[in-house]
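Right, one structure below, let's go through it.
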Amino acid sequence: VRTEPGPSTLPDEGSDEKAMGSLGPAAAGVYVHVPFCRRRCPYCDFAFEVRPADPRYAPALLAEMAARRGELSCAPATLSFGGGTPSALPAADLAALVAGARSILALPADAEVSLELNPEDVLAAPAAAALAPGAPGGGVEGPALPAALAAAGFSRASLGVQSFDDGVLRWLGRAHDAAGARASVRACVEAGLRTAVDLIVGVPGEPAARLARDVDELLALGATHVSAYLLTVEPETPLVQLIAQQRRAPVDDDAQAAAYEELQRLLAERGLTQYEVSSYSIPGEESRHNRIYWQGGAYLGLGPSAHSMRPLEDGSVLRRHTRARFDAWLADPAGAARDEEVLPPAAAFLEAVAFGLRDLGRGVSLEELAARHHLGDARSCLRVRAALLALGDDVLEGADGRLRLSARGARFADRAARAVLAADDDRR
Ligand code: SF4
């Protein structure tokens with residue numbers, strides 16, 4: 001998650017947890033990191049390498065999956081491909097990885113299977129030509145990739161559209177144009193994939209009507225989910241240099257704040273609910289995978305630069321991460337997750353609170369999380385409750401005792417997280 005836009009409509013206090021899709025602490029997900037990108041977007045600080053998709057990647061990933069399956073204590077509810085650029089992989093490789101997850105990890109037939117796609121990949125003939133023999137759409141030019149993905153078991157596509165405005169896309173240095181973005185959304189929807197659109201908001205010089213046009217376009221095309229990210233100038237990205245060379249205008253905080261508020265209003269008016277700090281959806285179209293993160297479920301991260309988390313029986317949490325560089329990971333994918341740390345129960349509790357607050361509908365029960373992390377000492381809850389309530393209107397306490405970020409608080413979720421973690425400092 002890059003950064004937070006502000007809130008739009010928040011669910012009412014005391015929302016029905018079933019309606020909000022509570023997954024419970026037993027839910028587990030699998031994340032697959034695909035590190036390849038065809039080019040570097042100047043604002044991006046994600047974990048990626050500019051290189052062609054490597055044919056050794058999928059077999060190595062399957063080997064890692066087999067070697068690490070014991071790290072999951074239950075069948076995963078979700079399988080999510082992120083990157084990098086998952087759609088840089090041949091469709092046949094993606095299909096083989098989903099099939100591998102079904103046989104190796106017992107991924108259920110009704111699991112959410114999602115991937116991030118770049119619009120320029122969706123309609124590219126090379127991707128269609130790479131389909132497995134006999135796969136629906138195989139060898140057919142045009143929007144064949146979404147159909148092949150649906151046939152392979154993918155249920156959800158998250159498209160890196162960012163905007164339908166050509167000027168904004170040029171500013172961001174994206175490889176696709178507005179026409180390609182439209183066609184890619186249309187193709188995914190027509191293939192029957194639940195389609196989510198990523199937007200980057202607060203781009204300097206964007207037209208006043210840009211956000212309204214973007215929102216209307218994505219909804220008219222059939223997308224049901226929006227992930228909206230504030231443009232952030234990350235250190236050591238090419239965007240820093242571009243701004244220093246006056247080839248891009250600097251980011252204006254006030255203009256960004258205004259853009260967020262407008263986006264929140266636009267999405268709320270059109271019936272989308274903000275269910276997480278950066279995520280909005282038509283009810284029922286939330287990302288199940290991301291909710292596992294916010295609700296403290298276990299996740300297994302495969303591929304280079306992937307993180308895993310697993311609760312341990314004593315209330316602590318085991319975190320693992322794989323080697324960051326593709327070549328280092330490829331040298332020993334079965335032993336990729338050698339870097340690990342155990343977060344003691346008290347620290348794991350604080351982290352669970354900080355993450356859980358991002359789930360705007362469900363919020364957090366401090367007592368529930370303290371029990372999950374075996375903290376019998378009520379002072380931990382008191383300390384964190386005091387730290388959060390000191391944020392004033394940013395945090396609401398419901399009649400059910402759960403703490404939730406308010407509309408304003410969601411905009412400053414990082415501040416709330418810092419307050420929670422500082423409660424740990426007080427303890428030391
Ligand atoms: S924004 Fe996506 S496509 Fe662009 S460099 Fe980053 S990971 Fe790659």
Side-chain angles (χ1 to χ4, degrees), residues 1-5 31-54 57 61 80-91 93-94 114-124 126-127 145 149 156-166 168-178 180-181 183-185 188 195-204 206 214 225-243 247-248 251 278-279 287 289-290 301-307 321-322 324-326 329:
V1 177
R2 274 167 269 208
T3 185
E4 301 83 7
Y31 172 75
V32 175
H33 191 78
V34 182
F36 313 115
C37 286
R38 302 185 201 285
R39 54 190 275 181
R40 177 169 197 173
C41 303
Y43 56 85
C44 180
D45 73 339
F46 287 5
F48 67 91
E49 296 178 41
V50 177
R51 59 191 290 172
D54 193 303
Y57 172 83
L61 201 289
S80 175
F81 291 76
T85 312
S87 55
L89 285 181
D93 285 3
L94 290 165
S114 63
L115 85 166
E116 297 170 357
L117 295 110
N118 276 354
E120 66 271 22
D121 293 331
V122 171
L123 303 176
L145 179 60
L149 295 174
R156 187 171 188 275
S158 179
L159 280 159
V161 165
Q162 317 312 352
S163 178
F164 294 99
D165 184 294
D166 278 324
V168 171
L169 291 172
R170 278 194 296 274
W171 199 103
L172 293 171
R174 296 294 303 199
H176 64 275
D177 61 10
S184 66
V185 176
C188 287
T195 302
V197 164
D198 286 359
L199 295 179
I200 294 181
V201 300
V203 178
E206 63 189 11
D214 278 358
H225 186 287
V226 177
S227 296
Y229 301 103
L230 171 67
L231 176 66
T232 305
V233 183
E234 300 289 354
E236 298 179 23
T237 58
L239 184 55
V240 174
Q241 287 299 320
L242 290 170
I243 291 173
R247 294 165 62 195
R248 293 287 191 283
V251 170
S278 303
S279 307
S287 161
H289 185 78
N290 286 348
L302 303 171
S305 201
H307 295 253
H321 47 277
T322 57
R325 303 299 298 177
F326 174 70
W329 169 82

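Just so you know, ligand 1 is whichever comes first in the structure, and atom 1 is the first atom listed for that ligand. Because only heavy atoms are used, hydrogens play no part in the values below, and waters and symmetry mates are left out as well, while side chains stay in. This is a predicted model, so every value here is computed, not measured.
Side-chain contact between R174 and Y43 is present, with heavy atoms from C-beta onward closer than 4.5 Å. Residues R248 and P204 fail the side-chain proximity criterion, which asks for heavy atoms closer than 4.5 Å.
Close approach to N118 involves these atoms of ligand 1, each under 4.0 Å from a residue heavy atom: 3 (S). Taking a cut-off of under 4.0 Å to the non-hydrogen atoms of Y43, the atoms of ligand 1 that pass are 1 (S). Taking every heavy atom of R174 and a limit of under 4.0 angstrom, the matching atoms of ligand 1 come to 1 (S), 4 (Fe). Listed by atom number, the atoms of ligand 1 under 4.0 Å from C44 heavy atoms are 1 (S), 5 (S), 6 (Fe), 7 (S).
In summary, of the residues considered (C37, C41, P35), a side-chain contact (heavy atoms from CB on, under 4.5 Å) with F48 occurs for C37 alone.
At a 4.0 Å cut-off, at least one heavy atom of G84 sits close enough to ligand 1 to count as contact.
Contacts of R39 with ligand 1, taken as heavy-atom pairs under 4.0 Å, involve the backbone alone.
Legend: residues meeting side chain to side chain contact (heavy atoms under 4.5 Å, CB included) with V233, ordered by chain and number and at least two apart, are L239, V240, I243, V251.
Checking T237 against D45 by side-chain atom types alone, no donor-acceptor pair falls below 3.5 Å.
Less than 6.0 angstrom separates the ring centroid of F36 from the ring centroid of Y57.
Metal site remark for atom 8 (Fe) of ligand 1: C37 contributes an N, O or S atom at a distance under 2.8 Å.
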